[in-house]
Amino acid sequence: MSFDHVRIFDTTLRDGEQAPGAAMTISEKLRIAHQLAKLNVDVIEAGFPISSPAQFEAVQRIAGEVKGPVICALARTIPADIRAAGEALVTGAASRIHTFIATSDIHLKAKFAADRYGRSLADKRKTILRMAQEAVTQACEVTSDVEFSAEDAGRTDPGYLVEVINAAIEAGATTINIPDTTGYCVPHEYAALFHTVGERCDLNGQVTLSTHCHDDLGLAVANSLAGVLAGARQVECTINGIGERAGNASLEEVVMALNVRRSNFGAQTAIETQLLTPTSRLVSIATGFAVPPNKAVVGGNAFSHEAGIHQHGVLKSRETYEIMRAEDVGQNAEAIRLGRHSGRHGLFSRLKSLGVHVDAERQEALYQQFVELADKKKEIFDEDLRELAQRAATGKSETSHYRLDYLRVSTSTGREPRAEVLVHHARSGTLRREIADGDGPVAAIYKAIDQASGSHHDLVSYAIRSVGEGADAMGEATVLIGGSGVFFRGVSRHTDVLRASADSYIKALNQLETFRTEEKNVEFVGDGIMQSFDSGAPQ
Ligand code: KIV
Ligand code: ZN
């Protein structure tokens with residue numbers, strides 16, 4: 001079976017950035033645009049050049065520096081907008097101008113109320129049609145790749161929509177976008193618009209129809225896919241589904257639906273799907289919008305199984321509960337999340353993958369300890385398991401090397417944050433007090449703990465996230481330390497994020513120390529921690 005190509009038109013940097021609070025700097029936009037090029041999107045809508053000097057510069061730099069995808073700039077059907085779009089794109093190898101005007105009666109009455117657009121609705125419709133036609137004609141003088149959008153097409157009278165689209169095609173538009181601007185349509189209605197346009201407009205085999213769906217009713221992806229089934233061969237979407245109000249259709253969901261159910265659609269994209277999760281993370285960091293754990297495809301839980309029955313099934317054969325492979329979308333294939341719903345099978349296979357052997361006669365006791373712990377904690381991490389197994393085997397706790405007995409952090413304007421710690425060394429029974437300054441409070445704490453413990457290692461990564469809501473919210477700090485290919489993770493939760501950061505570090509250090517005591521020949525990189533801070537770890 002041969003599959004049609006569906007173009008992916010990414011508008012993260014334009015419609016995505018219109019999400020309240022999502023503004024990005026020019027260098028962040030450039031980084032994202034380069035990543036989108038690696039992801040192999042067909043078109044990047046880089047911005048709306050007339051709207052501000054920064055938008056103009058972002059489009060100009062992306063057009064000049066990012067190779068591969070067509071770079072597109074947005075313009076109203078106003079001559080100055082089209083000129084600005086053309087000027088911003090001039091350095092690009094492949095450029096598109098995307099011009100739009102509203103066509104629904106609701107928009108016409110509200111946005112084109114002035115008499116200069118016509119006194120009656122019929123007159124206003126004529127004016128809008130003419131503006132669309134003139135704008136497309138002007139854009140075609142700059143580039144042969146011109147897209148026209150009938151804003152609020154989802155609520156536009158289909159007969160009038162056909163007239164405007166025919167006018168835009170006659171003027172030279174090669175892509176016709178039919179946006180559900182307000183996220184109002186349901187899939188069969190949205191598909192019907194494409195059928196109508198397909199039947200009544202002169203597409204001549206040259207014009208590509210495009211979807212552009214907003215998620216106000218949570219239907220943006222479903223509507224986009226309905227559009228593809230009805231003949232659309234371009235989908236406009238954003239990474240993580242960010243965008244105006246409830247957002248746009250999520251690129252990763254559209255792409256994976258087309259990929260996993262290819263034969264259902266008879267169509268496919270050219271997206272490098274293993275880059276979906278890294279791209280999602282990049283956009284999340286640049287916008288400050290966290291990706292919910294249950295987000296399809298790129299969420300942290302998208303390939304996690306906690307219920308014992310699911311874990312057992314997946315461990316036997318992944319297909320039992322998974323319809324795509326984690327690694328195909330750039331997620332970690334280690335998908336078993338251990339918690340209170342996990343069974344013995346999940347627990348012991350994770351221990352095995354960690355290289356921890358548990359004698360048959362100790363397994364039941366260990367499982368009971370695991371269940372007790374799982375009742376207290378939402379999720380059981382690898383270091384919790386190592387700790388449980390260690391205690392079960394030796395009666396000794398991994399926390400027996402270092403204990404944080406005192407922590408004080410001071411921050412004030414004009415001075416580097418300072419941390420003071422008191423670390424108890426279990427083996428010698430001594431206490432060591434240290435004070436250190438750092439670029440940020442966490443850096444100061446980690447430096448002071450390093451001095452107090454005398455440990456040398458790399459800080460590989462540090463992350464903090466909020467768990468829960470409101471007054472009960474806690475900060476969960478996750479730290480990874482190690483070196484020479486051996487890593488130890490510490491995770492801790494506390495209402496005080498600095499305390500959580502310190503505790504997670506001590507946990508990781510205890511594991512490292514246990515490992516060192518048992519594996520004397522492992523080498524670790526000295527003073528690596530400061531290199532990690534330099535490379536942008538915690539502040
Ligand atoms: O939602 C919309 O209608 C738009 C247009 C500019 C295409 O974003
Ligand atoms: Zn939009």
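Since we're looking at a predicted model, the values are computed, not measured. Both ligands and their constituent atoms are indexed starting at 1 by order of listing.
Note on ligand 1: His98 sits in its first shell, one or more heavy atoms being nearer than 4.0 Å.
What sits closest to atom 4 (C) of ligand 1 on the protein, heavy atoms only, is His212 NE2, 3.5 Å. When only non-hydrogen protein atoms are considered, atom 3 (O) of ligand 1 lies nearest to Thr181 OG1, 2.6 Å.
No salt bridge links Asp42 with Arg7; every basic N to acidic carboxylate O contact stays at or beyond 4.0 Å. Salt bridge Asp157/Arg125: present, at least one basic N to carboxylate O contact under 4.0 Å. Contact check on Glu45 versus Arg96 returns no salt bridge, with no Lys/Arg side-chain nitrogen under 4.0 Å from an Asp/Glu carboxylate oxygen. Taking 4.0 Å as the cut-off between side-chain N and carboxylate O, Asp328 and Arg325 count as a salt-bridged pair. Salt bridge absent: Glu87 and Arg83 never bring a charged side-chain N and a carboxylate O closer than 4.0 Å. Classification of Asp115 and Arg119 as a salt-bridged pair holds, one side-chain N sitting under 4.0 Å from a carboxylate O.
Residue Glu151 has no N or O atom closer than 3.5 Å to an N or O atom of ligand 1. Considering backbone and side-chain atoms together, Arg14 places an N or O closer than 3.5 Å to an N or O of ligand 1. Considering backbone and side-chain atoms alike, Ser149 places every N or O at 3.5 Å or more from each N or O of ligand 1.
Close contacts between ligand 1 and His214 involve ligand atoms 1 (O) [criterion: under 4.0 Å to a heavy atom]. Residue-ligand proximity, Asp15 to ligand 1, at heavy-atom distances under 4.0 Å covers atoms 8 (O).
Only protein atoms were considered; those of element N, O or S under 2.8 Å from the Zn ion (ligand 2) number 3.
Under the side-chain contact (heavy atoms from CB on, under 4.5 Å) test applied with Phe9, the options Ser210, Cys237, Cys72 reduce to a single match, Cys72.
The local environment of CZ in Phe265 is crowded, with over 12 non-hydrogen atoms from other residues, nucleotides or ligands closer than 6.0 Å.
Thr478 and Tyr462 are not linked by any side-chain donor-acceptor pair at a separation below 3.5 angstrom, with hydrogens and angles left out of the test.
Side chain of Gln331 to backbone of Val297: a donor-acceptor contact under 3.5 angstrom is found.
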